[in-house]
Amino acid sequence: MTDTIALREIAHARSGDKGDAANVGVIAYTQAGYEYLDRELTEARVSDHLSQLPVHEVRRFAMPGIMAYNFVLPGVLGGGASRSLRIDSQGKVLALSVLEIRLPKPSDLEQMLPPPSPTD
Amino acid sequence: MSSIRIGNAAGFWGDNLDVPRALCESGRLDYLTLEYLAELTLSILAHQKTRDPAAGFVSDFPHVVRDLVSCLSDQPGLRVVTNAGGMNPARCAAAVAESLRKAGLADLPIAAVSGDDLLPGFDEHLASGEAFTNLETSAAIQEVRGEIASANAYLGAAGICAALSQGARIVITGRVADASLCVGPAVYEFGWDWQNWNLLAAATVAGHLIECGAQATGGMFSVWDELSTKFSLADVGYPIAEIHDSGEVMITKPPLTGGVVTVDSVAEQLVYEIGDPAHYLTPDVDADFRGVTLRQVGEDQVAVSGARGGPAPETYKVSIAYHDGFMAAGQLVICGPNAADKARACGQIILDRLARAGVVLQRTNIEALGSGDSVPGGWPPAEQPWEAVLRVTAHDPAREKLQRFLREFAPLVTAGPPGVTGYTGPRSKPYPVMAYWPSLISKNRVQPHVELHTAGDWPA
């Protein structure tokens, strides 16, 4: 695992439901990280990570202003929030799962790590 | 006024009841908003209204107003905008009026904004060519016509703005787009043109950021593990959007409250429950979030800029709820070696016993919670836990089959593997399922309606 990183080292995320879909917004901490996500955090990689869930397709949208990619996942809840048989019927915890995706360790990792937070 | 402060004290029906007064007391607010209606809340309220014509609104809200009496008296500029009206804005207004009369505020003007309920005229809408095709599946409405429990258009900010311009201190709507609770006050205060799309988009972003309450101020923040020692959530402050007539927006929270407002906490809320960020559609505007940028301008102060807007859609989004059978879920706790595997085996025993009894359920699911089943396959590998929560869920048109299903859990304690516990407490019950049918209707077929009276004049 030393030649990989977890997505959460370079990004944070939030998820929720929208009809029969859920979305996961993944926000890079830095511009270098955002450019890295463009190459590495593909629709295919997210789809592979969630392969045990009934996702019809994964659609990725760029939000350059906040250095984020929004992933929309139709079908993932298995019938929408009210018909889902799973404990996470509204997709609230999908974000934390996606943040565990392993990515190849970039050579310029230190430029992707979170800057000191304003609460420091 | 060149800027207004809008605080949102409720992100869903069931949110913390102590927050509205606290936010009004320390937030220096011009407007308090409360957002109560999830996608399917109206189907529950519709059911309540069929049993009692005076019900069908968010019953918490008159209690909230009672708690706000001193704020409404002491702060003559404070106004309240909420979608607490649910299926019955007028009766909600009447209940609020009664609270205010008793508190000596009979002069306070209260408005009810209705027109979103499409069910009374549903057949006319169908006859005039509205198809109500399912936006997600393209299925025809005839498939579920007999099962429809509620059908509501998401109205925009226009009705709210009209109510405010008539002098309302409290505006109670039914279904409106969540962000419109913020757009209405902004348009009213600043006299914005309804075609100034960039300004409407800016207020829409502000509304979107605060509509879920504490989710903008540290709630649900995905980096809690790293930051939890640096801010507290027990006393989390709820969000305030400061909107300027130029369209500049700042997100903040009251002083001396817990939580945190940073670029990161606000960014997470910007992406919450959105689809294509280039088209965040509301009845007011087609907002483009792609260029939105966030900047820390002070402690717990984040400036939001860069929202762009395009012409509003010609249609209202419609949320239809229809009856779709019943669901039930049962739980046990399974302990000992290989607890997760054993939990799944126990779940299968339950389904096998039902099958032997001739009970076949339409849809079932077995989970061993504690072993990663919240997102199957979506967590790094881990050793089996020493205990797991077995949860079996079922969906079927027949309530009695689900009652039979729920009886199969307790016998697993004596007639199952060793290590089964957690069976005390009342047995759960099957509950009716409301399914969601998103659709559209032409705007010209829906007329927002404002009814305004003082608290003293609202009929009891």
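Letters go in sequence order (proteins before strands), and every chain restarts at 1. Note that these values count all heavy atoms, side chains included, but never hydrogens, waters or copies made by symmetry.
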Using atom types as modelled, flag every donor-acceptor pair under 3.5 Å from a side chain in residues 71-80 of chain A to any protein atom, sequence neighbours excluded.
none

Quiz item: In terms of heavy-atom pairs under 4.5 Å with chain B, which of D17(A), D20(A), L50(A) leads?
Solution: D17(A)

Quiz item: Top residue by heavy-atom pair count (under 4.5 Å) with chain A, among G325(B), P438(B), A38(B), P380(B)?
Solution: P380(B)

Quiz item: Highest number of heavy-atom pairs under 4.5 Å with chain A: which of V266(B), D324(B), D288(B)?
Solution: D324(B)

Quiz item: When rounded to the nearest 0.5 angstrom, what distance separates OH in Y431(B) from OG in S82(A)?
Solution: 8.5 Å

Quiz item: Any idea which of V392(B), T364(B), V292(B) has the most non-hydrogen atom pairs under 4.5 angstrom with chain A?
Solution: V292(B)

Quiz prompt | Proximity breakdown for N70(A) and chain B, heavy-atom pairs closer than 4.5 Å | solution = side chain

Exercise. With sequence neighbours excluded, tell me which residues meet ring-ring contact (aromatic ring centres under 6.0 Å, His included) with F221(B).
Key: none

Practice problem: Using a cut-off of under 4.5 Å on heavy-atom pairs, state which of H395(B), Q215(B), R363(B) scores highest against chain A. | Solution: R363(B)

Self-check item: Which of I101(A), I66(A), D88(A) touches chain B most, by non-hydrogen pairs under 4.5 Å
Solution: I66(A)

Quiz item: Pick from L40(B), V223(B), D264(B): which one has the most heavy-atom pairs with chain A under 4.5 Å?
Solution: D264(B)

Exercise. Applying side-chain contact (heavy atoms from CB on, under 4.5 Å), run through I274(B) and M63(A) and close with a yes or a no.
Key: CA-CA 12 Å; I274(B) 64 169; M63(A) 300 176 73; 3.8 Å; yes

Self-check item: side-chain hydrogen bond (donor to acceptor under 3.5 Å, both in side chains) partners of E43(A), counting only residues at least two apart
Solution: none

Quiz item: Roughly how far, to the nearest 0.5 Å, is CD1 of I87(A) from CG of N365(B)?
Solution: 10.5 Å

Practice problem: Give a yes or no on this: more than 12 heavy atoms of other residues, nucleotides or ligands lie within 6.0 Å of atom CZ of R45(A). | Solution: yes

Practice problem: Output yes when a side-chain donor or acceptor of T293(B) lies under 3.5 Å from a complementary backbone atom of G65(A), and no otherwise. | Solution: no

Quiz item: Checking heavy atoms, do the side chain of P376(B), its backbone, both or neither come under 4.5 Å from chain A?
Solution: both

Self-check item: Smallest separation among heavy atoms of E367(B) and L85(A), with atom names
Solution: OE1-O, 3.8 Å

Quiz prompt | A22(A) portion near chain B, given a 4.5 angstrom heavy-atom threshold | solution = neither

Quiz item: Among A21(A), S15(A), A62(A), G19(A), which residue forms the greatest number of heavy-atom pairs with chain B at distances under 4.5 Å?
Solution: G19(A)

Quiz item: Which atoms of A278(B) come close to chain A, meaning under 4.5 Å heavy atom to heavy atom: side chain ones, backbone ones, both, or neither?
Solution: neither

Quiz item: What's the shortest heavy-atom distance between G377(B) and Q52(A), and which atoms?
Solution: CA-NE2, 3.5 Å

Quiz item: Which residues from residues 92-100 of chain A are near chain B, with near meaning under 4.5 Å between non-hydrogen atoms?
Solution: K92(A), V93(A), L94(A), L96(A), S97(A), L99(A), E100(A)

Quiz item: What part of S84(A) is in contact with chain B, defined as an atom under 4.5 angstrom from a non-hydrogen atom: side chain, backbone, both or neither?
Solution: backbone

Quiz item: Quick one: CZ on R86(A) to CG on L369(B), what's the gap to the nearest 0.5 Å?
Solution: 11.5 Å

Exercise. Go through the atoms of M327(B) and report whether side chain, backbone, both or neither lie under 4.5 Å from a heavy atom of chain A.
Key: side chain

Quiz prompt | Minimal non-hydrogen separation, Y272(B) against G16(A), with atom names | solution = CE1-CA, 3.9 Å

Self-check item: Proximal component of I27(A), with respect to chain B [non-hydrogen, under 4.5 Å]
Solution: side chain

Quiz item: For the candidates M220(B), E226(B), E39(B), which exhibits the highest count of non-hydrogen atom pairs separated by less than 4.5 Å from chain A?
Solution: M220(B)

Quiz prompt | Over 12 non-hydrogen atoms of neighbours within 6.0 angstrom of CD in E299(B) | solution = no

